[in-house]
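Take a look at the structure set out below.
Scope of the values below: all heavy atoms of this structure, side chains included, with no hydrogens, waters or symmetry mates. Both ligands and their constituent atoms are indexed starting at 1 by order of listing.
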Amino acid sequence: MANPVTVASGTFGFGREYAEYVDLRRLGAVTCKGVRMDPAPGNPQPRIAEVRAGLLNAIGLQGPGARALLEEGLPYLHALGVPAICNIWGRSAEEYAEVARTLSGEGGADAIELNVSCPNVHGGGAAFGTDPAVLASVVKAARAATRLPLFVKLAPNVPDVTVFARVAEGEGADALSISNTIPAMLIDVERRRPFLANVQGGLSGPALHPIAVRLVWQAAAAVKIPILGMGGIVTPEDAVEFLCAGATAVAVGTANFADPRTALAVVDGIRAYMERHGFASVREIAIPH
Ligand SMILES: Cc1cc2nc3c(=O)[nH]c(=O)nc-3n(C[C@H](O)[C@H](O)[C@H](O)COP(=O)(O)O)c2cc1C
């Protein structure tokens, strides 16, 4: 990455959708919307709701599938010379491995990011990323399937994130992405029913920011691999907080929906902060534990 700023998966399509508003070449990388092997239809509407300090979404991982990403999405990013981090998911460890393998060939991803916050069909629907043994099996399978840099995107709704960070590192992850959304719910009180058709969704945006900063702080003390910090970044200062907590790169997500140029403002703001404080590398920004 030419700079430490990317966009969070699922908030920026496959990059091209934003090209009219953002010079994509100024981003450190584009992180693509999550794909599994086959096209995924996603959940019924309504599947997005604005809440007081963020956004609830239950998109249900709608996506065109790994081959469409390979053939239609990635060539555009490669032609621009922007690294593509491909976010992937599956219904089993084998599917994660298959998607990772598919995207690792000629013209494929520059890095793979595992979304482990999706339901494990064989595990009664609990997310892969909330059981250390299941997480280990997914990371191990993906690791065996690709030599690309492998990011594991951790779930925030776990009692001790360091356990999951160490499992991912131990199974060969090259980096951690922290954090995914937090399970949450909105109720329409007049109709007396859940607002989202899926009933529950994932909370992102400013409400998530201090929670994610703490998770990055804890994980940074537990592992040696680098951390991509995300959750509620709106201003450059929000991003610098993640760097202070021990991340060495950041991703801007929900804020893209309000202002697609947020990530570019974060690139400039981090640079200005580093100049003001005399930092030569983002690594120097981390606060010692
Ligand atoms: C509409 C929407 C779709 C998302 N889709 C994905 C996805 O496909 N894969 C994934 O790992 N995370 C997904 N996320 C989570 C984001 O990548 C990010 O981790 C989270 O939203 C926190 O960052 P933010 O508060 O800046 O949005 C999605 C988030 C939103 C709001």
Okay, side chain of N3, backbone of G28: is any donor-acceptor separation there less than 3.5 Å?
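Yes, N3 side chain to G28 backbone: donor-acceptor pair under 3.5 Å.
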What are the atom names and distances for all N or O pairs under 3.5 Å between ligand 1 and the protein?
residue  : atom   : partner : partner atom : Å
ligand 1 : 5 (N)  : S9      : O            : 3.4
ligand 1 : 5 (N)  : K33     : NZ           : 3.1
ligand 1 : 8 (O)  : K33     : NZ           : 2.9
ligand 1 : 8 (O)  : G34     : N            : 3.2
ligand 1 : 9 (N)  : S9      : OG           : 3.3
ligand 1 : 9 (N)  : N87     : OD1          : 3.0
ligand 1 : 9 (N)  : N115    : ND2          : 3.3
ligand 1 : 11 (O) : N87     : ND2          : 2.8
ligand 1 : 11 (O) : N115    : ND2          : 3.4
ligand 1 : 11 (O) : K153    : NZ           : 3.1
ligand 1 : 12 (N) : K153    : NZ           : 3.0
ligand 1 : 14 (N) : S9      : O            : 3.1
ligand 1 : 17 (O) : S9      : N            : 3.3
ligand 1 : 17 (O) : S9      : O            : 2.7
ligand 1 : 17 (O) : K153    : NZ           : 2.7
ligand 1 : 19 (O) : K153    : NZ           : 3.0
ligand 1 : 19 (O) : S179    : O            : 3.0
ligand 1 : 25 (O) : G205    : N            : 2.7
ligand 1 : 25 (O) : G232    : N            : 2.6
ligand 1 : 26 (O) : G232    : N            : 3.3
ligand 1 : 26 (O) : G253    : N            : 3.1
ligand 1 : 26 (O) : T254    : N            : 3.4
ligand 1 : 27 (O) : T254    : N            : 2.7
ligand 1 : 27 (O) : T254    : OG1          : 2.6

R47: partners by salt bridge (Lys or Arg N to Asp or Glu O under 4.0 Å), with sequence neighbours left out:
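Applying salt bridge (Lys or Arg N to Asp or Glu O under 4.0 Å) to R47 gives none.
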Apply salt bridge (Lys or Arg N to Asp or Glu O under 4.0 Å) to R261 and list each qualifying residue two or more places apart in sequence or on a separate chain.
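Salt bridge (Lys or Arg N to Asp or Glu O under 4.0 Å) list for R261, sorted by chain: empty.
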Name all residues meeting the ring pair (Phe, Tyr, Trp, His ring centres under 6.0 Å) criterion together with Y273; count only those two or more places apart in sequence or in a different chain, and write none if there are none.
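For Y273, the residues satisfying ring pair (Phe, Tyr, Trp, His ring centres under 6.0 Å) (neighbours in sequence not counted) are H277.
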Could R166 and D160 be called an ion pair, given the rule that one side-chain N must be under 4.0 Å from one carboxylate O?
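A salt bridge is absent here (no side-chain N lies under 4.0 Å from a carboxylate O).
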Minimum side-chain heavy-atom gap Y96-I112 below 4.5 Å:
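Of all side-chain heavy-atom pairs linking I112 with Y96, none is under 4.5 Å.
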